[in-house]
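Each chain gets a letter, A, B and so on, in the order its sequence line appears, and its residues count up from 1.
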There are 2 protein chains.
Amino acid sequence: MTKPQFRSWQSVQEEVLRRIHAREWTPGALIPNEADLAEEFGCSRATVNRALRTLAETGLLDRRRKAGTRVAAQPVAKATLDISVIRMDVEARGQRYDHQLTDRATTRPPMAVSAAMQAPTTSDMLFLKALHLADGQPYALEDRWVNLEVVPEASEERFDAISSNEWLLRHAPYTHGDIAFSAANATEGEAQALGCAPGAALFIIDRLTWNRSKAVTKVRIVFAPGHQMRTVL
Amino acid sequence: MTKPQFRSWQSVQEEVLRRIHAREWTPGALIPNEADLAEEFGCSRATVNRALRTLAETGLLDRRRKAGTRVAAQPVAKATLDISVIRMDVEARGQRYDHQLTDRATTRPPMAVSAAMQAPTTSDMLFLKALHLADGQPYALEDRWVNLEVVPEASEERFDAISSNEWLLRHAPYTHGDIAFSAANATEGEAQALGCAPGAALFIIDRLTWNRSKAVTKVRIVFAPGHQMRTVL
DNA sequence: CAGATTAATATGTATATACTTAATATTATT
DNA sequence: AATAATATTAAGTATATACATATTAATCTG
């Protein structure tokens, strides 16, 4: 019998996936070690390693040194969402993008904001409020606090040619951040700005980004009713 | 001058990140090729490759053969959400999990469902409705259609010891799927089941999973008001 | 000059080898 | 028998080398 040849890490990965889906390897089961698989597949261990490591990153395999590799008992699906600039989202839908800066102030943020950003309550921040439009229709509302200690140049920017959303990505890189998705009923003000009924269910993104130990910006994006965020598994 | 040594791909990655954050390499700029970086860092090209490849996966770098590697002009943040079994979510919050199967039928799905699942409108599917509880309080509502052609065993299962949510993950592996997040106002029925006011904004997950070319299950999970889904960037 | 051919280049990948590290199993010691 | 020292195991990583592939640049050709 001729040994099947799997010459690329992708083909090894496909074969491993096939075995999992065909239930040759069931959830929780220990699979052969890299060296054995390499021999069986007629490739090097590095190739098997790459295939298995990539599958482990998707949550389908659990790997531990010495303990070996198992098919995940509870495959935790990892959905990767691309959080892009709003302009790109709108343009990807084939619509014309536009934005309006509706409010701007340099003032002390509320306690909740300075606390979340771990900034002194005494220092001013730049507050921005903008409306994003798709084909002239309200698409999303943006409420943003910018830490001027980290991004002093923001004071000089007018945010008319380029939205604050986009400007910050380009001028204020972040090392890490957290993001939360939720739903809320439209307030009177939101309803007016978005042209919907008060109380309408709105999809919301809250994001807080950091550069090293300093908070860069805190933003809340409120989408018009019906907004969906989709991705593949 | 002694050449700094970067002996692991992680340390190379950190140095690359440092240069990007310090704006030594600005968005859109072409960075040196792998061979040059390897020499500069005193490591092999494979090590640099792994560091850069991983950064490209996060969207921070754009890489193309022959064209080289650039710092992404529009860094598309990739937020990875762990979509786990609801039981695990609840238990991770330190709450007691429970579930009730509130409805069950083997019937023809509505057109919209059979169309989305690319199944004949004439064949029956298993319909399940369940309430997930956290510390006895309503946590989420689940509406599910199961393709019995793909998972006939589901007919025999009572879904009392184990939720349909969890049972399917274990017994009906999928090759791919899509998922959508949105917000909607609570219907009368949802409000009653979740113990909230009608019209309350609810966070919703719609998921459709496939095994090869066959739809496995279509599920809609409606969370109680206030639900957040969070992750890091 | 347009279009096809060819060369050059940077990333992408495969391989053998060697060593590291975390976790477990075994053995020795008290 | 409990504890500590040691060996073993399997994944994790680094390296040199070689070749593949996509893409661009340069060159040739009609």
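- Distances from the side chain of B/Ser44 to the nucleotides D/dA14, C/dA14, D/dT13 place D/dA14 closest.
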Letter per nucleotide, 5' to 3', of nucleotides 17-25 of chain C [B base touched, S only sugar-phosphate touched, - untouched; heavy atoms, 4.0 Å]: -B--BBBB-

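- Salt bridge A/Glu40/A/Arg19: present, at least one basic N to carboxylate O contact under 4.0 Å.
- When the side-chain nitrogen and oxygen atoms of B/Thr47 are compared with OP1 and OP2 of D/dT13, none of them lie within a distance under 4.0 Å.
- One atom, CG of B/Asn49, and another, P of D/dT15, lie 13 Å apart when rounded to the nearest Å.
- Under the 6.0 Å cut-off for aromatic ring centres, A/Tyr139 and A/His99 do not qualify, their centroids lying 6.0 Å or more apart.
- Rounded to an integer number of Å, the gap from CH2 of A/Trp9 to C1' of D/dG12 is 17 Å.
- Annotation for B/Asn165 and B/Ile86: closest pair OD1-N, 3.2 Å, computed over non-hydrogen atoms.
- Taking 4.0 Å as the cut-off between side-chain N and carboxylate O, B/Arg96 and B/Glu91 do not count as a salt-bridged pair.
- The distance between atom CZ of A/Arg7 and atom P of D/dC19, rounded to the nearest whole Å, is 15 Å.
- In summary, the side chains of A/His171 and A/Glu153 do not present any donor paired with an acceptor at a separation below 3.5 Å, with no hydrogens or angles considered.
- For the pair A/Thr69 and D/dA10, the criterion of a side-chain N or O lying under 4.0 Å from OP1 or OP2 is not met.
- Rounded to an integer number of Å, the gap from A/Arg50 CZ to C/dT15 C1' is 14 Å.
- The distance between atom CD of B/Gln13 and atom P of D/dT13, rounded to the nearest whole Å, is 11 Å.
- Checking the phosphate oxygens (OP1, OP2) of D/dG12, a side-chain nitrogen or oxygen of A/Arg63 falls inside 4.0 Å.
- Regarding B/Arg70, its CZ atom lies at a distance of 13 Å from the P atom of C/dA10, rounded to whole Å.
- The OG atom of B/Ser213 sits 8.5 Å away from atom NE2 of B/His176, with the distance rounded to the nearest 0.5 Å.
- Considering only side-chain N and O atoms, B/Gln10 lies under 4.0 angstrom from the phosphate OP1 or OP2 of D/dT13.
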